[in-house]
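All remarks here apply to the structure that follows.
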Amino acid sequence: MSPSRADLQRTASEVFGWEDFRPGQLEAMEAAVNGQDVICVMPTGAGKSAVYQVPAMTLPGTAVVISPLIALQRDQTEAINEAAGATRAYVLNSAQPQGYWDEAWAAAGKDDGPGKAKFLFLGPEQAAREEVLELLQALDVSLLVIDEAHCVSAWGHDFRPDYLQLDQLVRALDKPVVALTATAAPPVRAEIAEQLGMRSPREISLGFDRPNLHLAAARYEDAEDKRRAVLEQAGKLDVPGLVYVATRAETEEYAAALQESGLRADAYHAGRSHEDRHRIHEEFLQDEVDIVVATTAFGMGIDKPNVRFVVHADIPDSVDSYYQEIGRGGRDGEPTEIFLHYRPEDLGIRRFFAAKAPDEEALAKLFKAVKKHTEPVPQAGLREELDLNPRRFSSLLGLLEQSGSVTAADDGYSARSGVGAKTAVKAALEFSEQRRNIEESRLEMMRQYAETTECRRRFLLNYFGEDAPDMCGYCDNCERAEAEGEELGPKESDTAQPFPLQSEVIHSEWGLGTVMSYEDETVTVLFESAGYKTLSVELVLEKGLLQEP
DNA sequence: CGGGTCGCACATAAGTGCGACCCGGTGCATTATT
């Protein structure tokens with residue numbers, strides 16, 4: 001008999017002291033305790049962890065939580081153990097001594113009761129180890145939780161390829177999967193579900209609008225003009241605030257310049273010592289540092305209510321990233337300035353980061369090695385045979401698998417019969433190129449946000465698949481239009497919108513897509529295999545470029 | 001893709017202009033040294 005709504009509420013109150021839920025939270029919890037897979041998109045992070053913590057404490061067994069950062073795992077563990085008044089959660093990683101691992105497994109193996117481990121936190125790298133997988137399979141697992149699930153799509157493909165192996169864990173445990181993230185546009189959600197092998201997941205989204213964020217942007221021709229504007233703005237706005245830049249060097253430069261004008265600023269990036277990073281984070285939380293100038297390294301796990309501005313000195317790689325970064329502002333609901341400083345040239349570094357093409361030779365070598373085996377070969381065995389560094393190895397193997405030349409089963413990898421090395425390499429390269437095209441189209445959407453003359457909030461909401469009024473009245477474009485007595489949005493007089501928002505359409509070359517937005521007599525469609533494309537509405541109608549499926 | 005730095009040619013004093021070259025983000029785990 002599954003726990004009821006009342007059981008969940010009782011646990012929430014007794015263990016965590018939470019008396020109220022937001023509507024979506026309870027809905028997500030109920031789905032999970034009833035055995036359904038859930039993708040939960042909750043923008044601000046407020047109450048996101050409750051969605052798995054309450055069901056896990058209510059259900060018998062132990063929840064396995066996959067989370068990208070050890071620091072994040074520690075925070076969650078401490079919060080749980082403190083609320084429960086006992087050690088109910090363990091963080092497992094390579095830095096923990098064997099004795100701690102043993103203790104965690106022993107506690108997880110106990111019958112339900114005060115000494116029982118109710119949560120095990122692991123990174124995807126640990127979950128991918130065969131011995132860990134076996135131990136997990138032997139446990140009575142209640143839920144499999146994938147926290148910050150957008151990392152599957154954003155990092156899995158080459159940065160942390162073990163994310164792409166989580167589908168094996170999903171299959172091996174065969175328990176409800178709860179995927180949590182703060183942002184995910186529809187295609188990112190679809191990719192999460194697909195990569196994790198989720199079974200018709202229930203999608204729960206709490207809505208993306210953050211009405212207290214004031215949105216604005218400015219475009220520059222000259223790099224020095226932009227730099228001056230960023231410094232001047234950061235010096236004038238109410239603190240605390242965040243300045244996001246593209247490179248480590250820039251964090252140092254901007255932070256130094258701000259310090260020189262007497263501001264309490266510091267630079268944050270992954271090249272700084274763990275000690276410095278920790279200190280800056282703490283000082284920022286305590287309002288001892290007012291402005292953190294950071295790369296994308298400063299982000300997940302930062303939960304500070306009173307951030308008064310989020311200024312981007314460089315454009316991010318996608319609207320998904322942008323939304324996540326600006327979402328760290330104004331969590332207290334007070335007015336917060338969100339500003340994007342943009343130069344078209346800044347798109348270059350994002351292209352560079354996304355541009356890595358796989359090594360053909362290594363692909364061929366790896367495929368031949370798999371093919372040589374007549375029986376499925378486990379990853380560890382392959383790795384030993386080949387002289388490839390482990391990270392490259394995983395990402396290349398993933399590419400071969402995703403492009404269909406290699407199949408994965410519980411006992412290892414096999415080459416698809418009848419496929420030659422040449423074909424396999426070609427398929428992998430094409431797959432990888434398609435991915436890069438989609439990445440490019442996501443960057444292109446970010447450029448459109450930077451350059452739009454229409455309501456920015458509507459642009460963001462449409463991007464995440466939500467409808468929105470033509471004008472929000474709280475962004476630079478709406479304010480300009482109001483001052484000039486204009487109306488934004490598609491005009492009545494225009495040929496308007498031949499296909500409704502969020503409806504499906506077909507294009508002869510790009511295949512199936514979803515209508516995302518209309519703007520300036522263009523329509524933006526998200527194609528499953530080609531990414532975002534923006535077309536002239538006039539041409540679409542004239543040439544019949546889009547059809548109902 | 002774009003920006004910064006370095007060295008060279010130019011040419012006759014100290015600098016300019018140009019091309020070649022290198023570099024750039026996120027974290028896990030692991031390994032070799034202090």
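Reminder, nothing fancy here: chain letters follow the sequence lines and each chain counts from 1.
Residue side chain Phe159(A) meets the stacking definition with respect to dT26(B): its ring centre sits within less than 5.5 angstrom of the base's six-membered ring centre, and the planes differ by less than 30 degrees. Put simply, Phe352(A) rests on the base of dG24(B): the two rings are less than 5.5 Å apart at their centres and nearly parallel, under 30°.
A close approach under 4.0 Å does not occur between any side-chain nitrogen or oxygen of Thr247(A) and OP1 or OP2 of dG24(B). The shortest distance between the side-chain N/O atoms of Arg343(A) and the OP1/OP2 oxygens of dG3(B) is below 4.0 Å. Between dT26(B) and Arg248(A), a contact under 4.0 Å exists linking OP1 or OP2 to a side-chain N or O. The phosphate of dC28(B) has neither OP1 nor OP2 within less than 4.0 Å of any side-chain N or O from Gln126(A).
Look at the C1' atom in both dA14(B) and dA9(B): the space between them is 15 Å, to the nearest Å. As rounded to the nearest Å, dT26(B) and dT5(B) have C1' atoms that lie 27 Å from one another. Comparing the C1' positions of dG25(B) and dC1(B) gives an interatomic distance of 15 Å, to the nearest angstrom. Taking the C1' atom of each, dG15(B) and dA11(B) are spaced 11 Å apart, rounded to whole Å. dC8(B) and dT31(B) have their C1' atoms separated by 43 Å, given to the nearest Å. Taking atom C1' on both dT16(B) and dT12(B), the two are 14 Å apart, rounded to the nearest angstrom.
For Glu345(A), taking side-chain heavy atoms from C-beta onward, the closest of the listed nucleotides dA29(B), dG3(B), dT26(B) is dG3(B). For Phe353(A), whose side chain is taken as the heavy atoms from C-beta onward, the closest listed nucleotide among dC28(B), dG25(B), dC1(B) is dG25(B). Counting only heavy atoms from C-beta on, Thr295(A) has its side chain closest to dG25(B) among dG25(B), dC28(B), dC1(B).
A cation-pi arrangement is present between Arg456(A) and Tyr449(A) under the rule of less than 6.0 angstrom and at most 45 degrees off the ring axis. Cation-pi geometry between Lys533(A) and Phe527(A) is not met at under 6.0 angstrom from the ring centre and within 45 degrees of the axis.
Rounded to whole Å, the distance from NZ on Lys356(A) to P on dC1(B) is 15 Å. Distance Arg277(A) CZ to dC28(B) C1': 12 Å, rounded to the nearest Å. As a whole-Å value, the separation of His150(A) NE2 from dT26(B) C1' is 10 Å. Atom pair Ile302(A):CD1 and dT26(B):P shows a separation of 13 Å (rounding to whole Å applied). Computed from coordinates, the Lys226(A) NZ to dG2(B) C1' distance equals 11 Å when rounded to whole Å. Rounded to a whole Å, the CD atom of Gln73(A) is 13 Å from the P atom of dG27(B). One atom, CG of Asp222(A), and another, P of dG2(B), lie 15 Å apart when rounded to the nearest Å. In this structure, Trp155(A) places its CH2 atom 9 Å from C1' of dC28(B), rounding to the nearest Å.
Ring geometry for Phe121(A) against Phe119(A) counts as parallel: the plane angle stays under 30°, on a 0 to 90° scale with 60° as the upper cut. Under the 30°/60° scheme for interplanar angles, the aromatic rings of Tyr244(A) and His312(A) are found to lie parallel.
No more than 12 heavy atoms of other residues, nucleotides or ligands shown are found within 6.0 angstrom of CD on Glu194(A).
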